[in-house]
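Below, all heavy atoms of this structure are taken into account, side chains as well, without hydrogens, waters or symmetry copies.
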Amino acid sequence: MKIAIFSDSFFPQVDGVASVVFRSAQGLGELGHDVYVFTASAGRLVKQEESRKEKAQKFTLIRMPSVPALIYPGYRFALPIGFAVNKLRKIKPDIIHTHTPFSVGWEAVWPAKIFGIPIVGTHHTFYNHYLKHAKIDYAWAKKISWKYTVGYYNRCNLVLSPSKSLADELKFQGLKKLVKAFPNPVDTEFFHPVASRTKKEELKKLLGIKGASLVYMGRVSYEKSIDQVIKAAALAMKKIPNLQFAIVGDGPERKKLEKLVKDLEIEKNVLFLGIKHEKDLVEALQANDVFLTASKTENMPVSILEAMATGLPVIGVDALGIPEIVLNNVNGFIVSPDKIESMAGKILQLIEDVKLRERFSEKSRELSLDYSQGEIAKKLENEYNQLILK
């Protein structure tokens with residue numbers, strides 16, 4: 001079938017939505033479908049990285065005219081000029097799948113209505129958690145945000161959500177269309193456990209890690225509550241002085257977190273590794289022993305799925321979609337939100353109990369296979385076929 005996918009966020013941007021869209025398109029392409037991805041123009045993003053990525057892609061990438069999204073640095077808004085209409089008139093897709101209710105998303109719903117094409121919408125996150133970036137973190141803004149979001153997705157034939165918690169909230173906020181919890185994909189062949197203990201030690205050495213280590217990977221932003229993870233790690237370091245914490249990623253909170261690390265006097269124990277891509281990203285995860293997150297705004301974070309695929313135990317908080325993929329005392333620990341001492345205790349338990357860590361590691365890898373790119377592509381294919389045949 002011919003499939004048109006729309007997303008504001010796409011490679012070389014580094015975030016969960018960009019990864020989900022790429023993996024979905026890649027998986028559907030590998031099943032033999034003709035896949036077209038519509039997204040905003042890259043602007044000044046690294047062209048060399050983009051070209052390298054495109055060599056192995058199984059879909060056609062179509063970039064749309066765009067301008068910088070000033071309220072969220074590093075992102076762009078496509079200009080709503082009906083760019084996609086003529087493109088889709090020629091492509092004649094059987095299905096349209098939109099991953100955004102913003103500018104690129106409107107380029108999806110208009111042609112769907114004009115040409116009578118079934119449209120699927122995936123809603124990825126609680127936007128009200130991100131209003132601080134636009135300096136409008138108020139009750140009235142949250143109400144408008146939900147009204148706008150639900151209004152957009154009520155134009156779709158089917159709505160997908162990475163977590164049951166977000167799907168339930170969409171219905172509570174007024175979504176009338178059918179909504180299903182639908183998992184995010186991860187490339188479990190690319191993200192895999194380290195081959196041996198010797199190899200792991202080599203990777204640790206390359207990154208400057210000496211001994212047991214923790215890792216966070218993702219956007220370095222206020223909604224991720226990385227400050228709480230740093231404070232929990234600092235408490236654990238009082239008992240294990242050589243314990244290290246690697247932060248993989250970048251974002252607006254980095255300078256504040258660097259100051260926090262200095263104030264806690266743990267500069268030698270914390271590594272800010274910046275953004276990693278491809279093989280470097282996999283190795284950055286493989287080099288560490290436990291993945292940590294204190295974020296209370298997650299649905300089905302791709303970063304955690306990738307960490308699980310590399311065989312890392314996960315410590316997360318009991319909020320939204322985290323407990324749906326991190327099973328307490330199975331592949332990690334779930335602690336109450338904002339309980340820094342509890343997280344520190346679980347860090348110590350996993351670092352000190354090697355057998356427990358190994359058991360959780362094996363289970364993380366096993367659970368991640370349910371989210372493999374190929375399996376999720378087959379599930380998407382089934383959802384598309386059901387809509388087309390209606």
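With Leu158 as the partner, the side-chain contact (heavy atoms from CB on, under 4.5 Å) test is satisfied by one option alone out of Leu178, Ile95, Thr122: Leu178. Checking Val248, Val194, Ile209 one by one against Asn288, the side-chain contact (heavy atoms from CB on, under 4.5 Å) holds for a single residue, Ile209.
Here the side chain of Gln373 pairs no donor or acceptor atom with the backbone of Val186 at under 3.5 angstrom. Between the side chain of Lys200 and the main chain of Gln286, a donor-acceptor pair closer than 3.5 Å is present. Although no hydrogens or angles enter the test, the distance criterion places a donor-acceptor pair under 3.5 Å between the side chain of Ser361 and the main chain of Gly311. Between the side chain of Asn299 and the backbone N or O of His124 there is at least one donor-acceptor pair closer than 3.5 Å. The closest donor-acceptor contact from the side chain of Arg365 to the backbone of Thr188 lies under 3.5 Å. Lys204 contributes a side-chain N or O that, together with a main-chain N or O of Ala287, makes up a donor-acceptor pair within less than 3.5 Å. Using a distance-only test at 3.5 Å, with no hydrogens or angles considered, no donor-acceptor pair links the side chain of Asn184 to the main chain of Val302. Side-chain atoms of Arg357 come within 3.5 Å of backbone atoms of Ile351 as a donor-acceptor pair (strictly under, hydrogens ignored). Although no hydrogens or angles enter the test, the distance criterion places a donor-acceptor pair under 3.5 Å between the side chain of His33 and the main chain of Met1.
Ring geometry for Phe6 versus Phe38: interplanar angle under 30°, hence parallel rather than tilted (30 to 60°). Relative ring orientation between Tyr148 and Phe102 is described as parallel, the plane-to-plane angle staying below 30° on a 0-90° scale split at 30° and 60°. Ring geometry, Trp106 versus Trp110: the interplanar angle falls from 30° to 60°, so the pair is classed tilted.
For the pair Lys180 and Glu383, the salt-bridge criterion is met [side-chain N within less than 4.0 Å of a carboxylate O]. With respect to the salt-bridge test (charged N to carboxylate O, under 4.0 angstrom), the residues Glu201 and Lys205 do not qualify. Salt-bridge check for Glu258 with Lys255: failed, with every basic side-chain N at 4.0 Å or more from each acidic carboxylate O.
Cluster membership check: Ile226 shares its hydrophobic cluster with Leu243, using side-chain heavy-atom separations under 4.5 Å among Ile, Leu, Val, Met, Phe, Trp and Tyr. Leu166 and Met300 end up in different hydrophobic clusters when Ile, Leu, Val, Met, Phe, Trp and Tyr side chains are linked at under 4.5 Å. The hydrophobic clustering, which links ILVMFWY residues whose side-chain heavy atoms are closer than 4.5 Å, places Val85 and Val104 together.
Expressed to the nearest 0.5 Å, how far CG of Asp280 lies from CG of Leu285 amounts to 11.5 Å. Note that the NZ atom of Lys296 and the OG atom of Ser336 stand 11.5 Å from one another [nearest 0.5 Å]. With rounding to the nearest 0.5 angstrom, the CD1 atom of Ile376 is 8.0 Å from the OH atom of Tyr371. Note: Phe245 CZ to Ser213 OG = 10.5 Å, rounded to the nearest 0.5 Å. Atoms CG and CD1, from Asn157 and Ile388 in turn, are 11.0 Å apart once rounded to the nearest 0.5 Å. Remark: Leu28 CG to Asp34 CG distance equals 11.0 Å, nearest 0.5 Å.
With ring centers used as reference points, His123 lies 6.0 Å or more from Tyr152. Taking the centre of each ring, Phe59 and Phe22 come in below the 6.0 Å mark.
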Give the table of side-chain donor-acceptor pairs shorter than 3.5 Å for residues 235-242, with sequence neighbours excluded, one pair per line with atom names and distance.
none

Below 3.5 Å, can you tabulate the donor-acceptor pairs from side chains in residues 312-332 to any protein atom, sequence neighbours excluded?
| unit_1 | atom_1 | unit_2 | atom_2 | d |
| --- | --- | --- | --- | --- |
| Glu324 | OE1 | Lys164 | N | 3.1 |
| Glu324 | OE2 | Lys164 | N | 3.3 |
| Glu324 | OE2 | Ser165 | N | 3.4 |
| Asn328 | OD1 | Ile334 | N | 2.9 |
| Asn331 | OD1 | Leu327 | N | 2.7 |
| Asn331 | ND2 | Ser364 | OG | 3.3 |

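By the side chain to side chain donor-acceptor pair (under 3.5 Å) test, Gln173 is found to be paired with Glu169, residues two or more places apart in sequence or in another chain being considered.
For Ser163 against Ala181, the heavy-atom pair with the smallest separation is C-CB, 4.1 Å.
Side chains of Ser295 and Thr297: a donor on one and an acceptor on the other come within 3.5 Å.
Surrounding NZ of Lys177 are more than 12 heavy atoms belonging to other residues, nucleotides or ligands, all under 6.0 Å away.
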